[in-house]
Amino acid sequence: EVQLVESGGGLVQAGGSLRLSCAASGFTFDGYAIGWVRQAPGKEREAVSCISSHDGSTYYADSVKGRFTISSDNAKNTVYLQMNSLKPEDTAVYYCAARYGSSWNNLVRFPNLAQYWGQGTQVTVSS
């Protein structure tokens, strides 16, 4: 059974940090782009950061550049999102998503078409 399991969300004050983890089972990241997609109440899903298993290239939305860092540990089949200098507007449910392909482009453009999704983890940033 394919699973993506997120952890690490929580409540933090503005300016604080959190690290999200996404552990995969039932498949390996080889050939996939893995991303973190968030959805705030009343808003559409937004890919905030992605990484390609093909070449390790990364993507960051403008809203998180310089504050978030995505990384992967292929031996553990786990992807991380280090979130620093958190802002109240970062409040959302964060999902781990995987889409087959060497590039993260399609995952960014069409996050709803990802093949695999985690259950989501809530991140709440208080002001």
**Prompt:** Are D62 and K65 close enough for a salt bridge, meaning some N to O gap below 4.0 Å?
**Reply:** yes
**Shortest non-hydrogen contact from A114 toward A97** = CB-CB, 3.8 Å
**Asked** Got a sec, which pairs hit salt bridge (charged side-chain N to carboxylate O under 4.0 Å, His left out) with one end in residues 43-55, sequence neighbours left out?
**Response** R38-E46
**Request:** Indicate yes or no: at least one non-hydrogen side-chain atom of I51 is less than 4.5 angstrom from one of Y80.
**Result:** no
**Nearest heavy atoms of F27 and V2, plus distance in Å** = CD2-CG1, 3.5 Å
**Item:** Partner residues of K76 under the salt bridge (charged side-chain N to carboxylate O under 4.0 Å, His left out) criterion, sequence neighbours left out
**Value:** none
**Asked** Among all residues two or more places apart in sequence or in another chain, which pass the side chain to side chain donor-acceptor pair (under 3.5 Å) test with D30?
**Response** none
**Request:** Take V123 and L20, measure what side-chain contact (heavy atoms from CB on, under 4.5 Å) needs, and give me the verdict at the end.
**Result:** CA-CA 9 Å; V123 171; L20 305 183; 4.1 Å; yes
**Cluster link V108 to I70, ILVMFWY, side chain under 4.5 Å** = no
**Message:** My understanding is that a hydrophobic cluster links ILVMFWY residues whose side chain heavy atoms are under 4.5 Å apart, including indirect links. Using that, what else belongs to the cluster containing V5?
**Reply:** none
**Request:** Could you tell me whether a side-chain N or O of N77 sits under 3.5 Å from a main-chain N or O of A23, the two making a donor and an acceptor?
**Result:** no
**Message:** Give me each pair satisfying disulfide (SG to SG under 2.5 Å) with a member in residues 53-94, each pair once, sequence neighbours excluded.
**Reply:** none
**Prompt:** side-chain contact (heavy atoms from CB on, under 4.5 Å) between L86 and L18: does it pass, once the steps are laid out?
**Reply:** CA-CA 8 Å; L86 282 161; L18 287 172; 4.1 Å; yes
**Message:** Would you say L107 ends up clustered with Y59 if hydrophobic residues are merged whenever their side chains have heavy atoms under 4.5 Å apart, either directly or through other cluster members?
**Reply:** no
**Asked** Pairs in or reaching into residues 32-111: which pass disulfide (SG to SG under 2.5 Å), with residues at least two apart or in two chains?
**Response** C22-C96
**Prompt:** For the side chain of S53 and the backbone of G31, is there at least one donor-acceptor N/O pair under 3.5 Å apart?
**Reply:** yes
**Request:** Flag yes if V125 and V64 sit in one hydrophobic cluster, no otherwise; membership is Ile, Leu, Val, Met, Phe, Trp, Tyr, and two members link when side-chain heavy atoms are under 4.5 Å apart.
**Result:** yes
**Message:** If we ignore hydrogens and angles and just use 3.5 Å, is the side chain of E6 paired with the main-chain N or O of T121 as donor and acceptor?
**Reply:** no
**Item:** Nonpolar side-chain network containing V37, other nodes, edges under 4.5 Å
**Value:** V93, Y95, W117
**Request:** Please list, chain by chain and in numerical order, all residues satisfying side chain to side chain contact (heavy atoms under 4.5 Å, CB included) with N105, sequence neighbours excluded.
**Result:** S103
**Request:** For residues 60-95, pull every pair meeting disulfide (SG to SG under 2.5 Å), keeping only residues two or more places apart or in separate chains.
**Result:** none
**Fill in**
Residues at least two apart in sequence or cross-chain that pass side chain to side chain contact (heavy atoms under 4.5 Å, CB included) with S17, listed by chain then number, are Q82, N84
**Request:** Check ring pair (Phe, Tyr, Trp, His ring centres under 6.0 Å) between Y60 and all other residues, then give those that pass, not counting sequence neighbours.
**Result:** none
**Asked** Would you say the side chains of E89 and T91 form a donor-acceptor pair under 3.5 Å?
**Response** no
**Item:** Residues in ring pair (Phe, Tyr, Trp, His ring centres under 6.0 Å) contact with Y100, at least two apart in sequence or another chain
**Value:** Y32
**Message:** I'd like to check M83 versus R19 (side-chain heavy atoms, cut-off strictly below 4.5 Å). Are they in contact?
**Reply:** no
**Asked** So, do R67 and D90 sit near enough that their side-chain heavy atoms are less than 4.5 Å apart?
**Response** yes
**Message:** On a heavy-atom basis, which atom in A61 and which in A47 lie closest, and how many Å separate them?
**Reply:** CB-O, 3.8 Å
**Request:** Show the numbers, then the answer: is there a ring pair (Phe, Tyr, Trp, His ring centres under 6.0 Å) between W36 and Y94?
**Result:** CA-CA 6 Å; W36 290 94; Y94 284 70; 7.3 Å; no
**Prompt:** Does the side chain of L81 reach to within under 4.5 Å of the side chain of T69, using non-hydrogen atoms?
**Reply:** no
**Shortest non-hydrogen separation from R99 to F110 and the atoms involved** = NH1-O, 3.8 Å
**Prompt:** Say you draw a straight line from CG of L11 to OG of S126; how long is it, rounded to the nearest 0.5 Å?
**Reply:** 5.0 Å
**L4 to A24 - nearest heavy-atom pair and separation** = CD2-CB, 3.6 Å
**Message:** Would a single hydrophobic cluster contain both Y116 and V48, if residues Ile, Leu, Val, Met, Phe, Trp and Tyr are joined by side-chain heavy-atom contacts under 4.5 Å?
**Reply:** yes
**Asked** Is a side-chain N or O of S52 found less than 3.5 angstrom from the main chain of W104, in a donor-acceptor match?
**Response** no
**Item:** Verdict with supporting geometry, L113 and N106, side-chain contact (heavy atoms from CB on, under 4.5 Å)
**Value:** CA-CA 8 Å; L113 298 183; N106 284 331; over 6 Å; no
